[in-house]
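Side-chain atoms are counted along with the backbone in the values below, which use heavy atoms only and exclude waters and symmetry mates. Residue numbers start from 1 in every chain, and the chains themselves are labelled A, B, ... in the order their sequence lines are given, proteins ahead of strands.
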Amino acid sequence: GEDVEQSLFLSVREGDSSVINCTYTDSSSTYLYWYKQEPGAGLQLLTYIFSNMDMKQDQRLTVLLNKKDKHLSLRIADTQTGDSAIYFCAENTWAYKLSFGAGTTVTVRA
Amino acid sequence: NAGVTQTPKFRVLKTGQSMTLLCAQDMNHEYMYWYRQDPGMGLRLIHYSVGEGTTAKGEVPDGYNVSRLKKQNFLLGLESAAPSQTSVYFCASTKRQNTEAFFGQGTRLTVV
C-alpha cells in the first residue's frame with residue numbers, strides 16, 4: 001500500500017466527529033473508496049467518491065476529495081462505539097487493482 | 001446468498017508444507033482477487049483473475065500460485081510455505097471494473 005498513505009491511529013470521544021485523512025498518488029484514479037474492517041472480519045465498503053466530485057455525504061459520513069493535492073478525508077459525525085474499527089482508504093490504480101492504505105485504527109472512548 | 005466464502009479460516013503449517021486456500025463467490029462476479037494483510041502494511045495484492053481460466057500477478061506473487069478453473073472459485077496455493085507467509089489472507093470479488101469489492105472473512109495462516 002505505499003501508493004496510499006494514512007495515519008495509523010485515531011482516538012475520539014463518543015459523540016464527537018472523527019476525521020480520517022488519506023493521501024494517494026495516482027492522479028488517474030477514477031474512484032476512491034473507504035472500507036471498514038471490524039475485528040476478525042473482512043473489509044466492507046463504507047462509501048466511495050468519483051474523482052470528478054469534491055464532496056459526498058451519506059448520512060453520518062462525509063467524504064471530501066481534493067484532487068489537486070491528492071487528499072481524501074472521511075468524516076464521521078456523532079461517532080459511536082460501533083464505529084471503532086480499522087478504516088482503509090483505497091484507490092483503483094490500474095485496470096482491476098485496488099491499492100489500499102495501511103489502515104487507520106479508530107478507537108472510540110466513552 | 002453467502003457472498004464470498006473462504007476456507008479454511010485458520011491454519012498452522014510447518015515450513016516447507018503446502019496448502020491450498022479456497023475462495024468461493026456466489027454473485028456471478030467476473031473478477032476475483034487474493035490479498036494478504038500484514039500489520040502496518042494494509043492489503044497487498046498477490047494475484048488476481050479477470051475471468052474464468054485467467055490469472056495474473058499482483059504486487060507480491062512470489063511463493064504463491066493461483067487457479068480459476070470455475071468462475072465461482074479462485075484457489076490460492078502455497079507450494080512450500082515459509083514463515084514470511086504468515087499473514088491474514090483475504091479473497092475479494094467484483095462484478096466488473098470500478099465496482100464494489102466484496103471480501104471474504106479472511107484466513108489466518110501461521111507458518112512455523
Problem set entry | Shared hydrophobic cluster, A:Tyr31 / B:Leu45 (ILVMFWY, side-chain heavy atoms < 4.5 Å) | yes
In terms of heavy-atom contacts, B:Gly40 and A:Ala102 come closest through O-CB, 3.3 Å
- Task: For the residue pair B:Phe90 and A:Gln37, establish whether any side-chain heavy-atom pair is separated by less than 4.5 Å.
- Result: yes
Output for pair (A:Leu43 CG, B:Gln105 CD), nearest 0.5 Å, gives 10.5 Å
query: Is there a path of hydrophobic side-chain contacts, each under 4.5 Å between heavy atoms of I, L, V, M, F, W or Y residues, that connects B:Leu22 with B:Tyr33?
result: no
Okay, B:Thr99 and chain A: the region with an atom under 4.5 Å from a heavy atom over there is backbone
Here the pair of heavy atoms bringing B:Glu100 nearest to A:Tyr35 is C-OH, 4.2 Å
The interface call for A:Gln6 against chain B, heavy-atom contacts under 4.5 Å, is neither
Exercise. Consider only side-chain heavy atoms of I, L, V, M, F, W and Y, link residues closer than 4.5 Å, and tell whether B:Val50 and B:Phe74 are in one cluster.
Key: no
For A:Tyr48, does the OH atom sit with more than 12 other heavy atoms under 6.0 Å from it, leaving out its own atoms? no
Heaviest contributor of heavy-atom pairs below 4.5 Å to chain A, chosen from B:Gly104, B:Ala101, B:Gly106, is B:Ala101
Applying a strict 4.5 Å limit to non-hydrogen atoms, the region of B:Gln37 in contact with chain A is side chain
Can you confirm whether A:Arg13 is buried at CZ, in the sense that more than 12 heavy atoms of other residues, nucleotides or ligands lie under 6.0 Å from that atom? no
Crowded around A:Gln44 CD? As in, over 12 foreign heavy atoms under 6.0 Å?
no
Taken to the nearest 0.5 Å, the spacing of A:Leu98 CG from B:Tyr35 OH works out to 4.5 Å
Is there a path from A:Ile20 to A:Leu61 through hydrophobic residues (I, L, V, M, F, W, Y) whose side chains come within less than 4.5 Å of each other? yes
Quick check: are there more than 12 heavy atoms from other residues, nucleotides or ligands sitting under 6.0 Å from CD of A:Gln80? yes
Bottom line for A:Tyr33: the part with an atom under 4.5 Å from chain B's heavy atoms is side chain
The reported gap from OG in A:Ser99 to CD in B:Glu59 (rounded to nearest 0.5 angstrom) is 6.0 Å
